[in-house]
Visitor: 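I have a structure here, written as structure tokens, and I will follow up with some questions on it.
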Amino acid sequence: MSRGAIDLSRLNPAQREAACAGDAPLLVLAGAGTGKTTVITYRIAWLMAEAGVRPDQILAVTFTNKAAKEMRARAGELSGLGPSALDIGTFHGTCGRLLRRHGHLLGLDRHFLIYDADDQVSLMRRCCADLGFDAQTAFVRRLRSKIESWKNQGLGPGEVTPFDDDAFRAAKLYGLYEKRCLEANAVDFGDMLLHTLTLLRRHDAVRHELRGRWSHILVDEYQDTNRVQYEVLRQLAGPEQSLTVVGDDDQSIYRWRGADIGNILRFENDFPGAVVVRLELNYRSTQNILSAANAVIAHNAARKGKTLYTEGDAGEPLTLRLYDSERDEGEAVAYGIEETVAGGVAPSEVVALYRTNAQSRPIEDALRRRRIAYAVYGGIRFYDRREIRDSLAYLRLINNPRSDVDFLRVVNAPARGIGKTSLERLAALAGERGVALFDAARLASAGAGKIGGRQRKQLGAFAQLIDDMREHAADAHPGRLLEEILETSGYRAALRQEGTEEAQDRLDNIDELLQAIDEYVALAPEASLTDFLEEAALATDVDQMADAGESVSLMTLHSAKGLEFHTVFLAGMEEGVFPHRRSVDERAALEEERRLCYVGLTRAKRRVHLSAARRRFTFGEATYSNLSRFLAEIPSELLDLGAGASPRPTPAPARDADWDPAFDDAAFTPAPTLGAGDLPVHREERSGGGFQPGMTVFHATFGEGTLIAVDGSGPRQKLVVEFPEEGRKTIVARFVEPR
DNA sequence: CCGTGCTAAGTTTTT
DNA sequence: CTTAGCACGG
């Protein structure tokens, strides 16, 4: 291959050191905006051009499809090889590929399906019923997350040690569930990693083959790897392989998904002789933004410690505004977005970030009223909509008739008169014969089981329909196949007949899905139905961001990781919202919230606008909150508290469907000026002492008040406090760890 | 067996 | 305030 020199002049000394490091284990501690992707792509290019490594000997692993795509494009361009030669993929994608090839060793057929959380719950519910457990959704979900965390730790069904009732049941369920998954020829997200680990551990031939194949392994976002991912890497990167990991301990935000920040903190112990390179020179943000982010993250104890700086200017201060309601806050964010875009910033360079998906609502409403185009990422994934899931279930069943989950999803969609009773009888028949529900349906139509005549006929017709499709599934275009099945099954006809607006939306979504399939096939003509189904299972909304175009973006802080914007609006800066109320009792959880705050701030290149609402609706009930403690951690000289500046009321829009009569100028309260005394003051009572009526309670938003009543206990305890000027308010109590 | 209407419960964060 | 699950009548 050509050994064209790589131009390293664009790299700073630390970046160059990382890109051109030798084969010893390498940890690149890359702060936000310090050119992490640049380093990893230059390293790939350098390995090929200067160190004589063949492209197919390099494996690069990322967390998101978007990151993989970007890395592939940039590394391909730098090296002059083009994108296709490189082995770059997500953890799940890479493991999926290995399983398609070697999964037969574990009893998996290469057309296995990928189950998501809903599929898992659906299958687990039936397992619970068979085990005589409670099959209520909430309970099943709890067991599911227990099993999920075992998987994340790399523990198989036989390796768990239950310590209480729930865990004991979860362990029983785990065993049966895994058995059923295998029978259905399906894996869930956790299995993709865990099965891969099993493969590498138990099958020496596979391990040897793969170690021979990849001499250099690079991992992006290493701080978010969990135990299984770590173990998989250890298996792939033996003593002979060169391992490079890139990450930022301050951006580890997936603890709840099993991510172990210890992996990055321990790297030098785990891999003796490791070289560590720190990247602290930031190319993205202004000094004010960096100083704010540095100040916030400095409150965390579990970190390696680094301080971002820039050679650029200080920039503007961060703004902070407090509003009476979430509606006013949304209105102000929309107004701020409008002004930003009017000032010449491209809409795609503006984002509104929030902690939870539910918070997008008031912002969306306000943007709609102002006719500002926006795109919401996350929330309900496109592929999670009912009609999309139904459509995919048809395709999945055609691809793999053993999948009971998919059978149950579509056997009565559209209504075929197959109800609960028939399905129970069918399940009994399937259990008796030891076959999948689909096979049982065939048997039933031939007379087996105790299923009524009408139902028997319908089941036969359904089985026939799927079988017919299967015949030409192998060579058919997945899009045409789906169109055919949606027509033949009457699924579309049923929606058309409904004639409601909602049904029309669903039909439109189906058209969009067909279009997405066409696009996919156009890009990858040789791809099979199995390939497309895998793509659909692993796709996320953020992956599709490329076509944001003229829209501003709305997303959670989690989704924003790895992205950058000229202007960032960070809404909902309130205790209980951010940090989330479920994270304030535990130090490790709180530190993760703080990292999330750090991630949010460092997304911005030039401007950050922080906001909070006094009153917010949760479960249809008004709750009042204090300002987020993170605001108190930002040095006040970096904050502009808005000396009298307030957003204009919204001009009345032309009357149309978007017009909400309840909304008028009077409903809009301008942002008040904040004084120093309005910043959060943390004088909460400790849980040990408890609250007593009559006690004086201090609340930054309202001042001093008298406690009238206490409702409930623990972190969700509600306090009813009377404030002299504001009247009676309910506050959700928070208990803070002593420092 | 299907649709309607009621009640209860629920919200972190997502590959 | 929404959605999912369930009880009831047709």
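Letters A, B, ... are given to chains in the order of the sequence lines, protein chains preceding strands, and every chain is numbered from 1.
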Visitor: Parallel, tilted or perpendicular: which fits the ring planes of A/His558 and A/Trp256, with parallel below 30° and perpendicular above 60°?
Guide: perpendicular
Visitor: Rounding to an integer number of Å, can you tell me how far A/His558 NE2 sits from B/dT11 P?
Guide: 16 Å
Visitor: Classify A/Ile418 by what it touches in the nucleic acid, base, sugar-phosphate, or nothing, heavy-atom distance under 4.0 Å.
Guide: sugar-phosphate
Visitor: Take atom CD of A/Glu148 and atom P of B/dT13, then tell me their distance rounded to the nearest Å.
Guide: 16 Å
Visitor: Under 4.0 Å: is that the gap between some side-chain N or O of A/Thr556 and OP1 or OP2 of B/dT14?
Guide: yes
Visitor: If only atom types and distance count, is the side chain of A/Asn300 paired as donor or acceptor with the main-chain N or O of A/Glu591 below 3.5 Å?
Guide: yes
Visitor: When the nearest nucleotide of DNA chain B is assigned to A/Ser583 and to A/Leu423 on a heavy-atom basis, which residue is associated with the more 5' position?
Guide: A/Leu423
Visitor: Over how many whole Å does the gap from A/Tyr254 atom OH to B/dT13 atom P extend?
Guide: 11 Å
Visitor: What nucleic acid atoms does A/Phe63 come within less than 4.0 Å of, heavy atoms only: base, sugar-phosphate, or nothing?
Guide: sugar-phosphate
Visitor: Would you verify whether the NZ or CZ of A/Arg100 falls within 45 degrees of the ring axis of A/Phe112 while also being under 6.0 Å from that six-membered ring's centre?
Guide: yes
Visitor: Looking at the side chain of A/Thr356, which of B/dT14, B/dC2, B/dT13 is the nearest nucleotide?
Guide: B/dT13
Visitor: Scan residues 449-458 of chain A for pairs that pass side-chain hydrogen bond (donor to acceptor under 3.5 Å, both in side chains), counting only residues two or more places apart or in two chains.
Guide: none
Visitor: Quick one: are A/Glu148 and A/Gln153 in side-chain contact, heavy atoms under 4.5 Å?
Guide: no
Visitor: Tell me the interatomic distance from A/Lys151, atom NZ, to B/dT15, atom C1', rounded to whole angstroms.
Guide: 14 Å
Visitor: Which value, in whole Å, describes the distance between the C1' atoms of nucleotides C/dA4 and B/dT13?
Guide: 22 Å
Visitor: Are A/Tyr222 and A/Tyr230 near enough that their ring centres are under 6.0 Å apart?
Guide: no
Visitor: Taking atom C1' of B/dC1 as reference, at what distance in whole Å does atom CD1 of A/Ile451 sit?
Guide: 14 Å
Visitor: OP1 or OP2 of B/dT14 less than 4.0 angstrom from a side-chain nitrogen or oxygen of A/Asn357, does that happen here?
Guide: yes
Visitor: Rounding to a whole Å, what distance do you find between A/Asp188:CG and B/dT14:P?
Guide: 19 Å
Visitor: Atom OH of A/Tyr354 to atom P of B/dT11: distance rounded to whole Å?
Guide: 18 Å
Visitor: Does A/Ser559 make a side-chain N or O approach to OP1 or OP2 of B/dT13 shorter than 4.0 Å?
Guide: no
Visitor: For A/Trp256 and B/dT11, what is the distance between atoms CH2 and P respectively, to the nearest whole Å?
Guide: 14 Å
Visitor: Between A/Gln223 and A/Glu221, does any side-chain donor sit less than 3.5 Å from a side-chain acceptor?
Guide: yes
Visitor: Hey, is the side chain of A/Asn412 poking within less than 4.0 Å of OP1 or OP2 on B/dC1, counting only N and O atoms?
Guide: no
Visitor: Say you pick atom P in B/dT11 and the same atom in C/dC6; how far apart are they, in whole Å?
Guide: 16 Å
Visitor: A/Phe63 and A/His92: aromatic ring centres closer than 6.0 Å?
Guide: no
Visitor: Walk along nucleotides 1-10 of chain C from 5' to 3' and tag each nucleotide B, S or - by protein heavy-atom contact under 4.0 Å, base first, then sugar-phosphate.
Guide: BS--S-----
Visitor: Counting only side-chain N and O atoms of A/Ser422, is one of them less than 4.0 Å from OP1 or OP2 of B/dC1?
Guide: yes
